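Take a look at the structure set out below.
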Amino acid sequence: MIHKRFIIIGTIFLICLSVLLGRLSQIQLFETKSFTDRNINLIEESVKQRSQEMVIDNGRGKFYDRNMVPLTYEAVPSLILFPFLKKMEWDVEKVASIIGVRENEILQALEAAEEPIVFGKPEPIVLTETQMKAINQLKIPGVFAVKKQYDRKIPPAAQLIGLVGQNEKQISLRYPDKNIPKNTNIGISGLQKSFDEFLLQEENTKLIYHVDGHGGPLFGIDVKYTDPSNPFYPVNVQTTIDGEIQKKAEEIAERHKLKKGGLILLDIDTNSIIASVSRPEMNESNPYGNDGAKNYMLTAQIPGSVFKTVIAAAAIDAQLVPQNRTFDCSRTIHGEIDQQFQHGMIDFTKSFAVSCNNTFATLAKELNEIDKNMIETYAKKLGLTEEVGWQGDVYHFDDFKQLADEEKGQIFLSDAERKDSKLVAQTGIGQQNVRITPLQAANMMATIARGGEKKMVRAVSSIRYKNGTTLYQFPEKKLKGDTLAPYTISKLQQLLREVVVDEEGTGRYLKNLPYEVAGKSGTAQTYRYNENGQEYVNKWFVGYFPFDQPKYALAVVYLDALSTDGSVTPIFQDMVTYLSQLNGQ
């Protein structure tokens, strides 16, 4: 009986020992870098417990402007001090004299430090190259002058660049076959999201110092500089944004107190985004609050009279607007006396310049009688019903999209709308269910300025390896589908210029700028009101310039504005003036 008990106890003991050994093997041999379903790197965690470190670079790929100037981070030449300096004699006087501070300031900063610190409060003291060299030549253990990278929480073109964050669920959904630690930062929106798989962080670059359980030196006072050995990753993304123009565009939007909406500027030749501003601004402490993270340049809005450009193109091709035809522009789209505008009987060109609603409601109904799909067909020819951002196959990515957050435009929502003449009339003036994005509006202007050639819009020109060589160059690509005839394009160019040069044109305040502008205004009703019964409207001006040798296409929109909020024309005007000065005009 006793012998049997010993066998049972021994068996239980052996089972427990086997389980323990198995667990230890799992921890120390087999899953050291991906322990549990959270993929915890046990080696890194053990090192953290017995080390003090200062991260110089978090290891995620970075975004740059078109001139390879950093957008998402700032490299600040900084003085790094390790806390073990408190327990040793070192030449603090020499360091203080190099950076121009008192010895006591450095010692006081160290006194409160339990981990490595960047010297300077509230902002780090920015060192010169000469100061950095002088400090490092002293070779004092625990004293380093390095360019520490600080991520910009709110970068230029913040909504276009997007946000990063930690999201275990998204990591599992996005990368089910990859062994990625759950605390890895991933792209949540914008380009950060689109290019996330390229940008996934590698190891940190850091200064590291090993300590014992009391914080004392474990291997003397040797501080190591650790840098990922891979010369290629993480990669960096070269955007088409011009950092200086972007900065000025944001200043102009701020100066004119643009509350909601923004502007987007395209280079007509390459069809690339040079600047993109979306408002409300993103708040550093609460990026998603007040829709601050939303990119309104990629969201579909009611365009109002901007859409008359489409009706004009279709009417020209359908030969509905001979020179001798006139329209009663003292009446509304429903034939009633217009209480606001009394333009009388005017021709098609004048109707476009003064943005006569009755003319384009009438033409929309006539076009619809010819073909119920004609309005949508011409909207598509001008790129207003599709995604216009760059997309295509990139390595193993099928149909890769640079602008993953971009919305499509829309014209009609049902056949019932096409059959209702009143709803067709509303559609003809850019109301009812017509929706386009500011990006599509700017791209439409670029298409017209180029003579009808439709192109995809690029926000990124290349992906570069860490060593600076090119991983992938995004080529210019055409948008698929039919385009407008050269004659029609030529007529549209003349109409858009007439909006500015006509003494009653809705763009007449842009007439005397250094660059000649062609464009179209729009004021769209939203049928939403504030507590005082005032209606919110969308105010637009979209166009291109210089007229004879087009270089830029620009869309400016003020969403949910009141009549007292003023026009978007001054914003457009300031951007044109700035760009002309930038180019020496």
Side-chain angles (χ1 to χ4, degrees), residues 55-78 126 129 146-164 185-202 204-205 227-228 230-251 264-267 269-278 282 295 297-298 389-390 394-395 397 400-405 456-476 582:
V55 175
I56 307 302
D57 179 357
N58 66 13
R60 182 173 172 83
K62 308 294 192 295
F63 285 89
Y64 295 79
D65 79 351
R66 64 180 181 176
N67 299 310
M68 288 306 291
V69 176
L71 291 174
T72 51
Y73 76 94
E74 184 178 8
V76 180
S78 305
V126 180
E129 291 292 336
V146 298
K147 289 185 178 180
K148 178 171 168 54
Q149 292 189 6
Y150 294 87
D151 288 337
R152 291 188 173 115
K153 291 186 178 180
I154 309 297
Q159 294 86 353
L160 177 65
I161 297 296
L163 294 167
V164 295
N185 280 324
I186 61 171
I188 305 299
S189 65
L191 297 178
Q192 291 279 15
K193 178 182 176 182
S194 300
F195 287 82
D196 189 55
E197 191 161 351
F198 291 102
L199 299 168
L200 284 172
Q201 66 192 68
E202 299 283 311
N204 295 334
T205 298
D227 186 25
N230 193 326
F232 300 106
Y233 294 94
V235 300
N236 296 311
V237 175
Q238 182 181 19
T239 71
T240 60
I241 293 291
D242 185 299
E244 289 302 312
I245 296 177
Q246 176 68 35
K247 181 180 177 182
K248 188 65 177 182
E250 293 183 4
E251 287 177 2
I264 189 157
L265 178 71
L266 302 183
D267 178 287
D269 182 38
T270 63
N271 221 44
S272 301
I273 299 173
I274 301 175
S276 178
V277 178
S278 182
M282 193 183 292
N295 189 351
M297 298 303 94
L298 304 183
W390 195 100
V394 180
Y395 294 118
F397 299 96
F400 176 83
K401 296 180 180 180
Q402 287 192 2
L403 303 175
D405 301 329
M456 294 181 183
V457 179
R458 294 187 306 169
V460 170
S461 59
S462 68
I463 305 172
R464 294 173 176 259
Y465 287 117
K466 189 169 70 172
N467 64 6
T469 57
T470 301
L471 167 62
Y472 187 80
Q473 191 85 27
F474 289 94
E476 296 177 29
L582 189 68

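Remember, it's a predicted structure, so these values are computed and weren't measured experimentally.
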Rounded at 0.5 Å granularity, tell me how far [atom1] in [X] sits from [atom2] in [Y].
X: Thr72; Y: Lys153; atom1: OG1; atom2: NZ; value: 15.0 Å
X: Gln192; Y: Phe63; atom1: CD; atom2: CZ; value: 4.5 Å
X: Gln402; Y: Leu191; atom1: CD; atom2: CG; value: 7.0 Å
X: Leu199; Y: Asn185; atom1: CG; atom2: CG; value: 11.5 Å
X: Tyr150; Y: Ser78; atom1: OH; atom2: OG; value: 4.0 Å
X: Ser276; Y: Leu298; atom1: OG; atom2: CG; value: 6.5 Å

Classify the ring geometry between Tyr64 and Tyr73 as parallel (under 30°), tilted (30 to 60°) or perpendicular (over 60°).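 Answer is perpendicular, since the angle exceeds 60°.
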Centres of the Phe198 and Phe397 rings: under 6.0 Å?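 Yes, the ring of Phe198 comes within the 6.0 Å limit of the ring of Phe397, centre to centre.
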Tell me the closest heavy-atom pair linking [X] and [Y], and the distance in Å.
X: Gly190; Y: Asp405; value: N-OD2, 2.8 Å
X: Pro155; Y: Leu71; value: CB-O, 3.4 Å
X: Ile154; Y: Ala158; value: CG2-CB, 4.0 Å
X: Thr240; Y: Arg66; value: O-CD, 3.6 Å
X: Pro234; Y: Leu200; value: CB-O, 4.1 Å
X: Gln159; Y: Met282; value: NE2-N, 3.8 Å

Do [X] and [Y] make a side-chain contact, defined as non-hydrogen atoms from C-beta onward lying under 4.5 Å apart?
X: Asn236; Y: Ile463; value: no
X: Ile245; Y: Leu265; value: yes
X: Val76; Y: Lys147; value: no
X: Lys401; Y: Trp390; value: no
X: Gln149; Y: Lys62; value: yes

Main chain of [Y], side chain of [X]: is a donor-acceptor contact present, judged purely on distance under 3.5 Å?
X: Asp196; Y: Gly187; result: yes
X: Arg152; Y: Pro70; result: yes
X: Glu250; Y: Ala157; result: yes
X: Ser461; Y: Gln238; result: yes

Extract all donor-acceptor atom pairs below 3.5 Å that involve side chains of residues 467-475 and protein atoms in other chains or at least two apart in sequence.
residue, atom, partner, partner atom, Å
Asn467, OD1, Thr469, N, 3.1
Asn467, OD1, Thr469, OG1, 2.8

With sequence neighbours excluded, tell me which residues meet salt bridge (Lys or Arg N to Asp or Glu O under 4.0 Å) with Lys148.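 If we apply the salt bridge (Lys or Arg N to Asp or Glu O under 4.0 Å) test to Lys148, skipping adjacent residues, there are no hits.
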Donor on one side chain, acceptor on other, Asp151 and Asn58, under 3.5 Å: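 The answer is yes; a qualifying pair exists.
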Going through the checks in order, is the side-chain contact (heavy atoms from CB on, under 4.5 Å) test met by Met68 and Arg464? CA-CA 10 Å; Met68 288 306 291; Arg464 294 173 176 259; 3.8 Å; yes
Before giving the answer on side-chain contact (heavy atoms from CB on, under 4.5 Å), spell out for Thr270 and Glu476 the whole-Å C-alpha distance, their side-chain angles and the decisive distance to 0.1 Å. CA-CA 7 Å; Thr270 63; Glu476 296 177 29; 3.6 Å; yes
Glu244, CD atom: more than 12 neighbouring heavy atoms under 6.0 Å: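 Not more than 12 within 6.0 Å, no.
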The test is side-chain contact (heavy atoms from CB on, under 4.5 Å); show your working for Ile273 and Ile264 and say whether it passes. CA-CA 7 Å; Ile273 299 173; Ile264 189 157; 4.0 Å; yes
Start with the C-alpha distance between Leu403 and Leu160, add both sets of side-chain angles, then the distance that settles side-chain contact (heavy atoms from CB on, under 4.5 Å), and finish with yes or no. CA-CA 8 Å; Leu403 303 175; Leu160 177 65; 3.8 Å; yes
